[in-house]
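Atoms considered below: every heavy atom in the structure, side chains included; atoms not considered: hydrogens, waters and symmetry mates. Please read all numbers here as calculations on a predicted model, not as lab measurements. We name chains A, B, ... by the order of the sequence lines, and we start the count at 1 in each one.
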Amino acid sequence: MIYIYDTLTRQKRPFIPLKPPEVSIYVCGVTPYAEAHVGHARPAVMWDVIKRHLTRRGYFVRHVQNFTDIDDKIVRQALAEHEDPKALAERYMAQYTDVMQRLRVIPPDYAPRVTENIPQIIAFITELLNKQMAYVSGHDVYFTVTDDGTYGQLSGRKIEDLYAGVRMEVHEGKRAPQDFALWKSADDTEPGWVSPWGYGRPGWHIECSTMAAQYLGRQFDLHGGGLDLVFPHHENERAQSMGYFGCEPASYWVHNGLITQDNVKMSKSLGNGLGLREILEQIDPVVLRTYLLSVHYRSPLDFQLASAEEWGRGLQRIWRLWDEAKNQPAPSEWVDEPWARRLESFEQRLAECLDDDFNTAKAFAEVFEMAHDVRYGMAQGHGALALAWARRNLQAADQILGLLPETSQVLSLSTMAERLLSIREQARARRDFQEADAIRNLLAKAGYTIEDTPEGPRILSQPSA
RNA sequence: GGCGACGUAGCCAAGUGGUAAGGCAGAGGUCUGCAAAACCUCUAUGCCCCGGUUCGAAUCCGGGCGUCGCCUCCA
């Protein structure tokens, strides 16, 4: 049984899909007006693991993640960069997709865009108007937030408390300060669409209600996004969807903790977000990916490049083991010892970690312990068996966590390296260690690390830490 | 001001009633020509502080202190 923490009920609940074996997921995507930063990578990587785990547990996942490709910020940024808003959005969407691919994130099944769903949005708003849940004010349309006890449940606040917020936006046309825009008028120099209420653009929250319903139906299983979206975005989205359909849109609201830098939240408006492309120039994508998974998704994560590199040093031990194990056949020997038993049950334990609200941090602890058992088995004279299990288990872990290196750490020897190594071996044989060390240093300068193992020397593509 | 989260070893970090996972760094040892890798051993009588509930609490309750987030665009 899988347990998932649900923001609405504030508890971990058993996961029961609406229509098993299908699982429907809606994750709020990005507004593409700037480069993606680490804060965007966390939910992407986390949902990737959730999907992989659900899939292995036998579910059939349908994942929708939107692009809010039209918005005031895009218009503003396009003006600043002297670029067509559509082209700008297109550019950043491509960049986002590219960088997530490098992080081994399986793309969503549908990545709908606001600009391609305008008629549906207008229809959604029209229905809300018909139901008297919204009102027209000039050329704008607002949603009426009613105090029926449901609004505020998700974010845990009361409407009267909202008045306490000094910075609550005041709009001429609003009947109540907590009402929010469904349709915003725009002048004709800006991008927009003709609607029954005039030329304009959709408000911020309506696109998610509309597209979730469009691609997943009125009710779906999991709704995701960053913790910073709980209010007002998800609160408003829930109000719209419930207003339209009269039922809870999502069975579980799943929110990831935010990433900070020097203990300050990363955000586009603060301009302190470390760009993902910049980070990936300094750090291996798999190291970054797994570093993000080394902390439970609901906890805050203070991102430090040094911490990620430190994590990478630990991960390298796993990679080295993989190099030794990757060509092993399936285990063929039977040894009735605790370490062998544990290797046998590794995959099951890994899955159980993830069953518990996707505890990837604990899952990694299992991976490291599994590596210890392999080494122990090897030391007990069961090298072939232990490595066979290592291959199997690391592959299984990789399918969910995506932790194995892109390419082998051990290089196939080039002719020149082979010759150098052979000369060094001859030197070592005649105990001319001065020359042997000279050759090793030479190769080290070129970025290669030589390790003398009982099976002979091998060359690694990265200097050992 | 309102609401919420968090505070576990030098650092990162699991752990929601049963006696402190894992990683990095550090110390000692085995192996090695030396390194590297690997392996073994060690490193929190204690989980921000003070009370309380309990046979038993890092885990539950109350009160402090501290950090962060949301209330405005945000993953």
* Counting heavy atoms from C-beta on, name the nucleotide in B/rG33, B/rA75, B/rA21 closest to the side chain of A/E369. => B/rA21

Give the table of side-chain donor-acceptor pairs shorter than 3.5 Å for residues 338-345 of chain A, with sequence neighbours excluded, one pair per line with atom names and distance.
unit_1	atom_1	unit_2	atom_2	d
A/W339	NE1	A/E337	OE1	3.4
A/R341	NE	A/D336	OD1	2.9
A/R341	NH2	A/D336	OD1	2.9
A/R342	NE	A/D373	OD1	3.2
A/R342	NE	A/D373	OD2	2.8
A/R342	NH2	A/D373	OD1	2.6
A/S345	OG	A/R341	O	3.3
A/S345	OG	A/R342	O	3.3
A/S345	OG	A/R349	NH1	2.7

* Would you say A/F433 stacks on B/rG33, if stacking means ring centres under 5.5 Å apart and planes within less than 30 degrees? -> yes

Output one line per pair: protein atom, nucleotide atom from nucleotides 58-62 of chain B, and distance, for all N/O pairs under 3.5 Å.
none

* How far does the P atom of B/rA57 sit from the matching atom of B/rC50, given to the nearest Å? -> 15 Å

* Write down the distance separating the P atoms in B/rA44 and B/rC11, rounded off to the nearest Å. => 14 Å

* **Separation of B/rU16 P from A/Y5 OH (nearest whole Å)** => 14 Å

* Asked: Contact class for A/G224 (heavy atom, under 4.0 Å): base, sugar-phosphate, or nothing?
  -> nothing

* Only counting residues at least two apart or in another chain, list the ones meeting salt bridge (Lys or Arg N to Asp or Glu O under 4.0 Å) with A/D140. => none

* Atom CG of A/D228 and atom P of B/rA75: how far apart are they, to the nearest Å? -> 7 Å

* Asked: Between A/A436 and A/S155, which is nearer to the 5' end of RNA chain B once each is assigned its nearest nucleotide?
  -> A/S155

* Tell me, which pairs form a side-chain hydrogen bond (donor to acceptor under 3.5 Å, both in side chains) where one or both residues lie in residues 386-395 of chain A, sequence neighbours left out? -> A/R391-A/Q395

* To do: Just call it for A/R42: base, sugar-phosphate, or nothing, with non-hydrogen atoms closer than 4.0 Å on any strand.
  => nothing

* Structure fact -> Heavy-atom contacts, protein to nucleotides 8-15 of chain B, under 4.0 Å, summarised as B (base), S (sugar-phosphate only) or - (none) per nt, yield ---B-SSS

* Ring centers of A/F15, A/Y252 separated by less than 6.0 Å -> yes

* Asked: What is the distance, rounded to the nearest whole Å, between atom OH of A/Y26 and atom C1' of B/rA75?
  -> 13 Å

* Sequence-distant partners of A/R428, salt bridge (Lys or Arg N to Asp or Glu O under 4.0 Å), two or more places apart -> A/E425, A/D452

* Sequence neighbours excluded, which residues qualify as side-chain hydrogen bond (donor to acceptor under 3.5 Å, both in side chains) partners of A/W47? -> none

* **P gap between B/rC3 and B/rG63, integer Å** => 13 Å

* Pairing nucleotide - B/rA38, Watson-Crick or G-U, each distance under 3.5 Å -> B/rU30

* Structure fact -> From CZ of A/F303 across to C1' of B/rC68 the rounded distance in Å is 19 Å

* At what distance, to the nearest 0.5 angstrom, does CZ of A/R62 lie from CZ of A/F220? -> 12.5 Å

* To do: Please work out if A/I259 contacts a base, only the sugar-phosphate, or nothing of the nucleic acid, heavy-atom cut-off 4.0 Å.
  => base

* Asked: Who is the Watson-Crick or G-U wobble partner of B/rA25, with both distances under 3.5 Å?
  -> none

* **Between P of B/rC70 and CD1 of A/I159, the distance in whole Å** => 22 Å

* Between A/G39 and A/R428, name the one whose nearest nucleotide on RNA chain B is closer to the 5' end. => A/R428

* To do: Using the P atom as the reference point in each nucleotide, state the distance between B/rC6 and B/rC61 in Å, no decimals.
  => 11 Å

* Quick one: salt bridge (Lys or Arg N to Asp or Glu O under 4.0 Å) partners of A/K12, sequence neighbours excluded? -> A/D356

* For A/L315, which contact category applies under a 4.0 Å heavy-atom criterion: base, sugar-phosphate, or nothing? -> nothing

* Asked: Picking from A/R42, A/R298, A/H296, what satisfies side-chain contact (heavy atoms from CB on, under 4.5 Å) with A/N256?
  -> A/R42

* Inspect the contact between A/E83 and A/R91 and indicate whether a charged nitrogen and a carboxylate oxygen are less than 4.0 angstrom apart. => yes

* From the options B/rA36, B/rG33, B/rG23, select the nucleotide whose nearest atom is closest to the side chain of A/W311. => B/rG23

* Does A/Y96 have any side-chain hydrogen bond (donor to acceptor under 3.5 Å, both in side chains) partners at least two apart in sequence or in another chain, and if so, which? -> A/Q65

* To do: Tell me, please, which residues at least two apart from A/Y291 pass side-chain hydrogen bond (donor to acceptor under 3.5 Å, both in side chains).
  => none

* **Value in whole Å for how far the P atom of B/rA35 lies from CZ of A/R440** => 9 Å

* Take atom C1' in B/rG46 and the same atom in B/rC39, then report the distance between them in whole Å. => 30 Å

* Asked: For A/L258, which contact category applies under a 4.0 Å heavy-atom criterion: base, sugar-phosphate, or nothing?
  -> base

* If pairing requires Watson-Crick or G-U wobble contacts with both distances under 3.5 Å, which nucleotide is the partner of B/rA5? -> B/rU67

* To do: Check the distance between B/rC3's P and A/R157's CZ and give it to me in whole angstrom.
  => 11 Å

* Tell me whether the OP1 or OP2 atom of B/rA25 has a side-chain N or O from A/R313 closer than 4.0 Å. => yes

* **Rounded P spacing from B/rG15 to B/rA9 in Å** => 16 Å

* Asked: Is there a Watson-Crick or G-U wobble partner for B/rA20 with both distances under 3.5 Å, and if so, which one is it?
  -> none

* Base, sugar-phosphate, or nothing for A/G156, non-hydrogen atoms under 4.0 angstrom? -> sugar-phosphate

* Asked: What does A/D437 touch in the nucleic acid at a heavy-atom separation under 4.0 angstrom: a base, only the sugar-phosphate, or nothing?
  -> base

* Asked: If we call it a pair only when both distances are under 3.5 Å in a Watson-Crick or G-U wobble match, what pairs with B/rC60?
  -> B/rG52

* **Distance-only side-chain donor-acceptor flag, A/D69 / A/Y92, under 3.5 Å** => no

* **Integer angstrom distance from the P of B/rU8 to that of B/rA14** => 11 Å

* **Pairwise C1' distance, B/rG22 and B/rC31 [rounded to whole Å]** => 26 Å

* Flag the pair A/H234 / A/F231 as yes when their ring centroid distance falls below 6.0 Å, and as no otherwise. => no

* List in chain and number order the residues that pass salt bridge (Lys or Arg N to Asp or Glu O under 4.0 Å) with A/D72, two or more places apart in sequence or in another chain; answer none if no residue qualifies. => A/K184, A/R201

* Find the distance A/D432:CG to B/rC34:C1' and express it as a whole number of Å. => 13 Å

Protein-nucleotides 38-40 of chain B N/O pairs under 3.5 Å:
unit_1	atom_1	unit_2	atom_2	d
B/rA38	O3'	A/R375	NE	3.2

* **B/rU45: pairing nucleotide in any strand, Watson-Crick or G-U under 3.5 angstrom** => none

